[in-house]
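Throughout, residue positions are numbered sequentially from 1 according to the sequence presented. These numbers come from the heavy atoms of this one structure, side chains and all, not from hydrogens, waters or symmetry mates.
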Amino acid sequence: MDTSKEVSQTLQLLKGKHILITGTTGFVGKVMLEKIMRTVPDIGGVYLLIRGTKKHANAGSRFANEIATSSVFEFLKLNAPDYFNDFCHKKIHCISGEITEHQFGIPRIEFHELAGKIDAIVNCAASVNFREELDRALSINTHSLNNIVALSDLAGNIPVIQVSTCYVNGFNQGHIHETVTVPARADIPRHKEGYFEVGNLIEELELKIAQIRQQYEGKALKQQLIDLGIREANACGWNDTYTFTKWLGEQLLLKSLRGYSLTLLRPSIVESTLREPSPGWIEGVKVADAILLAYAKEKVSFFPGKRSGVIDVIPADLVSNSILLSLAEQFKYPGRHHIYQCCSGSANPLTLGKFIDHLMAEAKENYRSYDKLFLRQPRKPFIAVDKRIFAAVTLCLSLVLNAVSHTLVKLGFKRGLKARRNLDAAMTLSAIFSFYTEPNYIFHNNKLLDLAKRMGKKDQELFPVNSAAIDWEIYLRKIHMAGLNGYALNGHKQTPYKPRRKTIVAAAHKQAA
C-alpha cells in the first residue's frame, strides 16, 4: 500500500512539544533521543535530567562528553552534521539534577520554571541491577516517582510515560496481558480502581532497612541490604529486587495519577537495535549477553534453562518507537491510563532452544568474525539443563574442586583454580539470570499493536513496533552478535548486515509538513 501521501499522526502530535526525558545516559534513553532527533525534527525541545559526576560536574558537560559522543548518533553525524549540531545547541536543554532527591535536588524556583516549560515527561531512569541494595532500588525505582508526580501536577497534569518492564509479572505463569499485575504471593489490598495499596508494604520495607543499618556497616551492610531485597521480593512474588521495586513504582503512579494521563510502557529483555539508527547498536552487556559472553570466554558450558520456554527478546528501536507512539496518543486523548507491553513472545515466539542454536551455529561457523567475543572456536556445546540437575551437578563439582584444588595448586597446577573460578561464574550467573532462561509465561502486546494500527500506516512505517517482522536467525546471527562484538565490546561500528534504510531526517521534515 502506498503511504507516500499519508501524514504521520505522531509527527503532527509531537510538533512543537517540549518533553522532559530522564535516563538518557542509559541504553533505551539514548536510542529514543536519537530517534527523536532524526525523525521528529519539529519537536519544540527536549529537556534532559542528568546527574553530575566527579568527572563531569554538570549536566551540560556530561551530555557533551558521554551522550553526544555516543556512536548511536553516528548516522546523524555522517549524514546531517549541521542539523545534529543545531539540534544539540537549540533544542537540547540539560538540567543538572538527581531523580531521587526532592524536586530533583534543584532549587524550588527552578523546579517550578521547569514545570512551566514542558508538555510531557518520559521517565526512563531506573536501577536495572537485579541484585541492588533494597534501599537504593526503592529510592530509584519507587520513591523517585513522587518527583515525577509532583512535576506533572505542577505543570498541569501533563502526560507521563513510565518505562517499566514486562517482568513486573513476577512469578505469575501462563499468558500475561497488558493489565495491572496481581502479586503472585503477597496479599496486598487492592483499590476498586485496580491498583494495589502499597503504602504499608513500603513502610515495612523501610523499617527493615533501618533495622539492618543499625546492625551492620561497610560491605556487610551492603550485602545484608542485597539479601533483604531478594528475600522480600521472593516473599511477595518476584524474582529480584529490580522487578519488585518497579512494580511498586507502577502502583504509586497508578494511584497518584488516577484520572490523569499515564502510560506504563513495559519492554521485555531489551537487546540491540533491529534497524535504527544502525542494525545491532547496543551499549553494555545485557541479560542474555552475560551468559553468551561467559560461554564465549569458556567460563560456562551449561546453564539452567528450559529449551521449550519462550525467551522474550525485543530490539531497542522497537521499544523507542513504542514510547513515542504512546506519547503521541496521550497528546491526542489525554486523561487516560494505558498499559502496553513491548515484547515478542506472543507475536513472534523465540524459544530458548532456538536462541541457543542460532548463536552456537554462528559461533561455530564464523567465530573469527567476532574477535572481541571469542578467544577461539568453541570446543564445547552450550547445554541448557533443568535447574534441579544444574544445582546437583554444581554441588558435586564444588565438593570435588574444594577437595582437590588446594592439592593441585601446591603441586603447581593452575587448572584447579581456573575450574573453581569457572564454576563460581556459572553459579553466580545462575543465581541472577536463571529465572529468565526458564520462562513459564508468554507476554502479549495486543493493545500495543492496536495502538500502532490506530495511529495509521505512516506511523507503522516510521515507528514500527511489531516484533513479527523479526527474522530471529538473521537478527541473532548477523545483527546482534556483530553489534555485541562491534559496539558493546569494542566501542565502534561493526555491522556487516545492512537492510534498506527508509527513515532519514529529510523524510521526517517532509512528513511533518
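Judged by distance alone, the side chains of S96 and N58 never bring a donor and an acceptor atom under 3.5 Å apart. With 3.5 Å as the limit, one finds a donor-acceptor pair spanning the side chains of S71 and W281. Remark: the N141 side chain and the T245 side chain contain an N/O donor-acceptor pair separated by less than 3.5 Å. Checking S272 against Y475 by side-chain atom types alone, a donor-acceptor pair falls below 3.5 Å. Side chain to side chain, Q162 and S164 fail the donor-acceptor criterion of an N or O pair below 3.5 Å. No side-chain donor from either of Y333 and S261 sits under 3.5 Å from a side-chain acceptor of the other. Of the N and O atoms on the side chains of D459 and T10, at least one donor lies less than 3.5 Å from an acceptor on the other residue. Remark: the D240 side chain and the T243 side chain contain an N/O donor-acceptor pair separated by less than 3.5 Å.
Within a 6.0 Å radius of NZ in K91, other residues, nucleotides and ligands contribute more than 12 heavy atoms. Enclosure of atom NZ in K222 is not indicated, since only 12 or fewer non-hydrogen atoms of other residues, nucleotides or ligands lie within 6.0 angstrom.
Taking the side chain as every heavy atom from C-beta outward, F374 and N485 never approach each other to under 4.5 Å. The shortest side-chain heavy-atom distance between I50 and I95 does not fall under the 4.5 Å cut-off. I161 has its side chain out of reach of I121: every pair of non-hydrogen atoms, C-beta onward, lies at least 4.5 Å apart.
A salt bridge does not link E473 to K478: none of the charged nitrogens lies less than 4.0 Å from a carboxylate oxygen. A salt bridge links K458 and E461; the closest N-O separation between the charged side-chain nitrogens and carboxylate oxygens is under 4.0 Å. In this structure, K246 does not pair ionically with E250, as no charged nitrogen and carboxylate oxygen lie closer than 4.0 Å.
Relative orientation of the H338 and Y340 rings is parallel, given thresholds of 30° and 60° on the angle between their planes. Between F443 and Y167, the two ring planes are perpendicular [angle over 60°; tilted spans 30° to 60°].
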Can you list the steps and then say if S127 with E132 is a side chain to side chain donor-acceptor pair (under 3.5 Å)? CA-CA 8 Å; S127 167; E132 185 73 87; 2.7 Å; yes
Side chain to side chain donor-acceptor pair (under 3.5 Å) between E193 and H337: does it pass, once the steps are laid out? CA-CA 11 Å; E193 293 188 25; H337 280 194; over 6 Å; no
May I have the step-by-step check of side chain to side chain donor-acceptor pair (under 3.5 Å) for Y370 and E362, ending in yes or no? CA-CA 10 Å; Y370 309 103; E362 184 67 12; 2.5 Å; yes
As a quick check of understanding, evaluate side chain to side chain donor-acceptor pair (under 3.5 Å) for K453 and Q460, giving each step before the final call. CA-CA 7 Å; K453 290 179 182 177; Q460 290 178 53; over 6 Å; no
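Nearest approach of Y487 to S278, heavy atoms of both residues: OH-OG, 3.1 Å. Across every non-hydrogen atom of I314 and P267, the tightest pair is CG2-CB, 4.5 Å. The minimum heavy-atom distance linking N169 with N172 is given by the pair O-ND2, 2.8 Å. Taking each heavy atom of Q330 and G335 in turn, the nearest pair found is OE1-N, 4.3 Å. Considering all non-hydrogen atoms of both residues, T263 and S326 come closest at CG2-CB, 3.8 Å.
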Mind listing the side-chain donor-acceptor pairs of residues 20-28 below 3.5 Å, one per line with the distance, residues two or more places apart or on another chain?
| residue | atom | partner | partner atom | Å |
| --- | --- | --- | --- | --- |
| T22 | OG1 | N123 | OD1 | 2.4 |
| T22 | OG1 | C124 | N | 3.1 |
| T22 | OG1 | A125 | N | 3.2 |

Mind listing the side-chain donor-acceptor pairs of residues 101-113 below 3.5 Å, one per line with the distance, residues two or more places apart or on another chain?
none

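Of the possible donor and acceptor atoms, one in the side chain of E178 sits under 3.5 Å from a partner among the backbone N and O of N446. In this structure, W247 contributes its side chain and T181 its backbone to a donor-acceptor pair below 3.5 Å. For D42 (side chain) and K15 (main-chain N/O), no donor-acceptor pair under 3.5 Å exists by modelled atom type. In this structure, the side chain of S139 does not engage the main chain of D135 through any donor-acceptor pair within 3.5 Å.
Considering F130, Y242, Y441 as possible partners of Y436, the one that fulfils the ring pair (Phe, Tyr, Trp, His ring centres under 6.0 Å) test is F130.
With values rounded to the nearest 0.5 angstrom, I230 atom CD1 is found 7.0 Å from N239 atom CG.
A ring-centre distance under 6.0 Å is not found for H89 and F87.
A cation-pi geometry, defined here as NZ or CZ lying under 6.0 Å from the six-membered ring centre and within 45° of its normal, does not hold between K117 and Y47.
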